Amino acid sequence: MRPILEVENLSISFLQYDRGARRRVLPAIRRLDLTLEAGQVAAVVGSSGSGKSLLAHGILGILPYNARMEGTLRYRGEPLTPQRAAALRGREIVLVPQSVGYLDPLMKVGPQVARDREKGRGVLGRYGLGPETGDLYPFELSGGMARRVLISTAVAASPALVVADEPTPGLDARAAGRILGHFRELAQGGAAVLLITHDLELALTIAHKVAVFYAGETVEEAPAADFARREDLRHPYTRALWDALPQHGFTPIPGTQPYPGAIPAGCPFAPRCPKRQADCGGAIPYQTVAGGRVRCLHPERGEGS
Amino acid sequence: MGHRIQFAAKKLLRMALLLLGVSLTAFLLMSASPLDPLQTNVGQAALGTMSQEQIARLEDYWGVNDPPLERYLGWLSSALRGDLGTSLLYRVPVVRVLGERMGSSLWLMAAAWVLSGLLGLTLGVLAGACRGRWPDRLIRGWCILISSTPAFWLALLLLMVFSVWMGIFPIGLSVPIGAEAAAVTLADRLRHAFLPALTLSITGVAGIALHTREKLCGVLESDYVLFARARGESAPSIVLRHGLRNVALPAITLQFASISELIGGSVLVEQVFSYPGLGQAAVTAGLGGDLPLLLGITVLTAALVFGGNLCADLLYGAVDPKIRRGAARR
């Protein structure tokens with residue numbers, strides 16, 4: 001089946017002025033790859049600053065004016081140009097934003113969910129919100145209500161691609177699980193769901209595949225099932241993430257993700273990598289290994305294993 | 001509703017205290033003034049030909065020898081009874097002078113207030129919506145030029161161009177010279193008020209437009225506008241649906257706060273156009289040592305400014321859902 005969304009070697013950089021009039025190009029995303037099929041939930045995990053939200057804004061064509069995007073972005077097999085993105089966003093491609101701050105604070109919720117009153121009520125009702133919710137202002141919503149309102153803004157259209165940017169922070173595990181359940185329903189309805197999150201554990205509860213971002217690169221794309229066993233994971237960073245999960249001992253690794261503009265040549269994870277070798281400073285291919293893809297010269301999981 | 005009445009009552013109490021302070025300050029400044037009311041109003045030459053008794057009677061009239069505290073307390077106690085005293089220069093009750101002057105100034109200021117508010121908001125929204133492009137640069141440049149131009153200089157310029165060179169508008173006053181009061185038409189009044197009102201409007205527009213532009217730029221960079229874009233809303237729709245709504249609240253504050261600038265500006269502008277309004281009376285009273293009139297004008301204008309701010313506060317409660325809903329739930 002043809003994928004809904006294909007991201008190949010995507011880079012997003014910012015033109016910045018620092019110290020007076022000197023301009024510099026700040027690469028925020030350098031090598032992102034991702035494919036997403038209809039009916040699938042793909043989780044994009046990575047820590048803050050790995051370029052997750054930028055990917056979302058890039059797909060929707062709403063990057064700031066000083067951003068430059070290069071590489072390939074295809075929607076239903078056709079290049080997703082800015083013009084095409086502008087025509088599709090809000091209709092076929094929808095964003096579920098992070099927080100209630102993405103709603104106009106001075107406009108009632110109802111008209112923000114859908115301009116058509118009846119339709120708005122219907123969509124809110126689908127998520128267990130009564131018609132009175134439409135008459136509330138965003139500041140009157142509780143955390144869980146706000147999430148459901150934000151999802152209903154997406155469902156008011158009939159989306160083929162749902163981009164959810166951190167839809168669960170600030171919710172307890174049960175509420176977060178319920179919200180993620182709604183995304184799984186959307187996928188079961190035929191939509192492709194791109195779930196952007198830093199919560200690997202939660203993402204694994206609904207995702208079919210997981211893309212791991214590190215310092216603006218996709219380091220691994222793996223079926224969610226691979227996360228059941230440490231040995232099935234390919235990239236050392238993915239294994240480090242796995243080790244850091246509470247049920248696997250909460251083990252951290254030293255160091256921090258490098259900032260954009262200070263990323264070493266070659267593999268950005270090399271300075272923190274336990275398996276680092278001399279050639280890690282050179283070109284790193286994105287290779288297919290055992291049904292997943294990994295950007296590593298010395299993947300942990302070999303072709304045969 | 002109760003909370004709003006309580007709020008207004010608190011504000012009114014504060015206003016009473018403020019007016020007391022303003023009148024006291026104006027009085028102290030006046031007592032400290034080096035101007036001798038006798039020399040200013042009677043003249044050195046005339047004083048020289050007067051007998052001591054005449055001078056003593058004049059000094060009595062202008063209150064030169066009374067202790068300041070006694071004078072202020074005297075003014076205050078009658079002011080509290082509603083009697084603002086008699087203007088020493090015009091020799092009629094201060095209330096009547098205020099009423100007449102207010103009548104002509106009110107037209108002027110109301111026209112300038114509405115015009116500068118509407119024009120400023122429109123230009124500000126236009127500049128903000130086109131930020132960085134040529135309409136924005138043009139509007140911003142013009143606003144900065146205007147805000148760095150003194151109001152009286154602009155008044156002189158307009159007077160020169162439209163009244164002296166082109167002869168379209170009268171050179172001053174609020175009614176035609178030599179006309180009977182009964183013969184003065186509304187058209188006459190409007191023609192006389194036009195240039196002063198225009199001057200006040202032009203100077204008022206700049207600040208409102210620049211502030212509105214800044215606010216709109218902030219709104220357009222907000223997360224909710226980003227989300228509106230992500231949902232496929234067009235740029236004009238975003239400005240109209242979200243921009244205007246979120247600019248409205250600061251615009252209200254700005255519009256009512258501009259009353260104080262308007263009153264300040266009218267003092268200079270009325271002086272240039274010899275327009276017999278409140279501002280001109282304030283100058284005359286200040287220079288002529290007419291204490292009751294000056295105090296009357298000070299208190300009246302302070303009350304106007306305070307009233308404007310009070311209106312803004314109350315409107316906020318009606319417009320902002322956070323205040324309205326929040327207070328209603330208590």
Side-chain angles (χ1 to χ4, degrees), chain A residues 53-54 56-67 82-109 111-115 135-141 146 149-150 152-157 159 161-166, chain B residues 121 125 127-134 136-137 212 215-254 312 315-330:
Chain A
S53 292
L54 273 181
H57 294 175
I59 294 170
L60 287 150
I62 53 167
L63 290 169
Y65 66 96
N66 61 338
Q83 293 76 20
R84 198 156 166 249
L88 290 172
R89 64 181 177 234
R91 293 171 186 83
E92 285 189 33
I93 306 180
V94 298
L95 173 72
V96 177
Q98 293 186 23
S99 72
V100 74
Y102 284 76
L103 293 178
D104 187 330
L106 298 183
M107 194 188 265
K108 285 182 182 173
V109 165
Q112 300 203 65
V113 169
R115 293 209 184 189
D135 284 325
L136 298 178
Y137 285 94
F139 76 95
E140 296 174 297
L141 300 174
V149 166
L150 292 173
S152 36
T153 62
V155 181
L161 173 59
V162 179
V163 181
D165 190 1
E166 298 278 8
Chain B
L121 191 69
V125 167
C130 304
R131 65 192 186 287
R133 300 206 302 274
W134 65 265
D136 177 32
R137 289 179 193 191
T212 306
K215 181 64 194 168
L216 186 65
C217 285
V219 168
L220 292 180
E221 277 161 25
S222 67
D223 286 342
Y224 54 88
V225 164
L226 187 74
F227 184 49
R229 279 177 61 209
R231 304 188 69 195
E233 275 194 49
S234 65
S237 157
I238 287 176
V239 170
L240 294 178
R241 241 164 82 94
H242 304 291
L244 287 185
R245 187 184 299 263
N246 283 280
V247 159
L249 283 177
I252 288 174
T253 318
L254 210 59
L315 272 177
Y316 240 80
V319 175
D320 187 344
K322 285 192 190 174
I323 301 179
R324 188 177 64 227
R325 293 266 177 111
R329 204 169 305 143
R330 262 206 315 247

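Note that the structure is predicted; figures quoted are calculated from it, not measured. Note on naming: letters A, B, ... go to the chains in the order of the sequence lines (proteins, then strands), and numbering restarts at 1 for each one.
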Exercise. Could you name the residues of residues 241-250 of chain B that have a heavy atom within less than 4.5 Å of a heavy atom in chain A?
Worked result: Arg241(B), His242(B), Arg245(B), Asn246(B), Leu249(B)
Seminar exercise, completed: Most contact-rich option vs chain B, by heavy-atom pairs under 4.5 angstrom, among Ala157(A), Pro138(A), Gly90(A), is Gly90(A)
Exercise. Short question: side chain of Arg229(B), backbone of Leu60(A) - any donor-acceptor pair under 3.5 Å?
Worked result: no
Seminar exercise, completed: When rounded to the nearest 0.5 Å, the distance separating CD1 of Ile62(A) from CZ of Phe227(B) is 9.0 Å
Exercise. Could you walk me through whether Leu226(B) and His57(A) pass the side-chain contact (heavy atoms from CB on, under 4.5 Å) check?
Worked result: CA-CA 9 Å; Leu226(B) 187 74; His57(A) 294 175; 3.5 Å; yes
All N/O donor-acceptor pairs, side-chain side in residues 94-103 of chain A, below 3.5 Å, sequence neighbours left out:
residue, atom, partner, partner atom, Å
Gln98(A), NE2, Asp165(A), OD2, 3.4
Ser99(A), OG, Gly101(A), N, 3.2

Exercise. For the atom pair CZ (Arg324(B)) and OH (Tyr137(A)), what is the distance rounded to the nearest 0.5 Å?
Worked result: 4.5 Å
For this session: Quick one: closest heavy-atom pair of Pro321(B) and Pro105(A), and the distance?
Result: CG-O, 4.3 Å
Exercise. Distance from Phe139(A) atom CZ to Asp320(B) atom CG, nearest 0.5 Å?
Worked result: 7.5 Å
Exercise. Can you name the residues that form a side chain to side chain contact (heavy atoms under 4.5 Å, CB included) with Pro111(A), not counting sequence neighbours?
Worked result: Met107(A), Lys108(A)
Problem set entry | Qualifying residues under side chain to side chain contact (heavy atoms under 4.5 Å, CB included), relative to Ala67(A), sequence neighbours excluded | Ile12(A), Phe14(A), Leu63(A), Pro64(A)
Exercise. When heavy-atom pairs shorter than 4.5 Å are enumerated against chain B, which of Arg89(A), Arg91(A), Gln112(A) gives the highest number?
Worked result: Arg89(A)
Problem set entry | Heavy-atom proximity to chain A below 4.5 Å, by part of Glu221(B) | neither
